[in-house]
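Encoded as structure tokens, the structure appears first; notes follow it.
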Amino acid sequence: MLRKIEHIGIAVKDLSASNKLFQDILGVAPYKEELVQSENVLTSFFQVGESKIELLQATSPDSAIAKFLEKNKEGMHHIAFDVEDIFSEIERLKGLGYVMIHDEPKAGADDKLIAFMHPKSSNGVLIELCQDRFKK
Ligand code: ZN
């Protein structure tokens, strides 16, 4: 079951400049910055009520964020939904014929297990499923 919008991911060129910008807009500082080595991205997270904003900056030209920024301007990159059981959601969506980028969940930023759906399956919107790695 999808429970809420966990976060919205925004691709940026310069994380520290964008941290300042979003701190001005949201009125709060990012609560963490995290390097996700496996994805070659540097991230920061802002809490906004029950949801979060994730800023993503590429740390290598191989990064999906670098490739996104070659084709697009800075801006919305993905919507992440909080799920109770990521394994069963992946199976459910595949069972309905949707294409997953990740057939198995992997470790993501902010203590999450994550899996992305292929945007060709979802009106061009990149959708991330995420589940807390540690029960709160
Ligand atoms: Zn994300």
Side-chain angles (χ1 to χ4, degrees):
M1 189 175 58
L2 275 62
R3 298 191 292 196
K4 65 173 181 182
I5 293 176
E6 213 284 330
H7 64 267
I8 292 175
I10 297 172
V12 303
K13 288 180 182 157
D14 177 342
L15 192 72
S16 65
S18 297
N19 277 341
K20 191 186 170 313
L21 179 81
F22 278 86
Q23 183 165 344
D24 284 349
I25 295 167
L26 301 172
V28 289
Y31 66 86
K32 74 152 63 166
E33 248 181 55
E34 186 177 345
L35 180 66
V36 185
Q37 214 111 41
S38 60
E39 297 291 323
N40 294 313
V41 292
L42 182 62
T43 65
S44 65
F45 286 87
F46 295 80
Q47 190 76 45
V48 187
E50 282 212 332
S51 301
K52 297 163 188 162
I53 298 290
E54 174 186 31
L55 303 183
L56 305 115
Q57 179 205 292
T59 57
S60 139
D62 304 334
S63 158
I65 296 301
K67 288 174 186 150
F68 176 86
L69 288 173
E70 276 171 24
K71 289 187 225 148
N72 305 277
K73 293 186 175 158
E74 291 179 292
M76 236 197 69
H77 180 258
H78 64 272
I79 299 179
F81 292 102
D82 178 59
V83 299
E84 202 166 0
D85 179 347
I86 195 165
F87 293 91
S88 67
E89 279 307 318
I90 290 170
E91 288 315 309
R92 185 181 72 84
L93 290 165
K94 284 169 66 179
L96 292 171
Y98 295 99
V99 179
M100 300 295 299
I101 293 174
H102 305 114
D103 288 326
E104 294 284 330
K106 54 183 280 190
D110 205 28
D111 299 326
K112 303 289 185 193
L113 283 176
I114 64 147
F116 279 93
M117 274 180 84
H118 200 287
K120 78 179 178 195
S121 275
S122 48
N123 281 163
V125 178
L126 182 59
I127 290 178
E128 177 184 1
L129 305 177
C130 63
Q131 178 188 335
D132 286 327
R133 263 204 283 173
F134 310 105
K135 292 277 178 218
K136 283 176 185 162

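Reckoned from all heavy atoms, side chains included, excluding hydrogens, waters and symmetry mates. Ligands are counted one by one from 1 in listed order, and the atoms in each one are counted from 1 as well.
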Here the gap from N40 atom CG to L56 atom CG, rounded to the nearest 0.5 Å, amounts to 12.5 Å
Going by chain and residue number, what protein N/O/S atoms come nearer than 2.8 Å to the Zn ion (ligand 1)?
H7 NE2, E54 OE1, H78 NE2, E128 OE1
Has H102 got a side-chain atom pairing as donor or acceptor with F116's backbone, closer than 3.5 angstrom?
yes
Within the distance-only criterion (no hydrogens, no angle test), does the side chain of Q47 pair as donor or acceptor with the backbone N or O of G49 below 3.5 angstrom?
yes
Spell out, as yes or no, whether a donor-acceptor pair under 3.5 Å connects the side chain of K13 to the backbone of Q57.
no
Is there a side-chain contact between E128 and E54 in this structure, where contact means two heavy atoms from C-beta onward sitting under 4.5 Å apart?
yes
Throw together a table of side-chain donor-acceptor distances under 3.5 angstrom for residues 26-38, partners on residues two or more places apart or in other chains.
from: Y31; atom 1: OH; to: D110; atom 2: OD2; distance (Å): 2.7
from: K32; atom 1: NZ; to: E34; atom 2: OE1; distance (Å): 3.3
from: K32; atom 1: NZ; to: D110; atom 2: OD1; distance (Å): 3.0
from: E33; atom 1: OE2; to: N19; atom 2: ND2; distance (Å): 3.0
from: E34; atom 1: OE1; to: D110; atom 2: N; distance (Å): 2.8

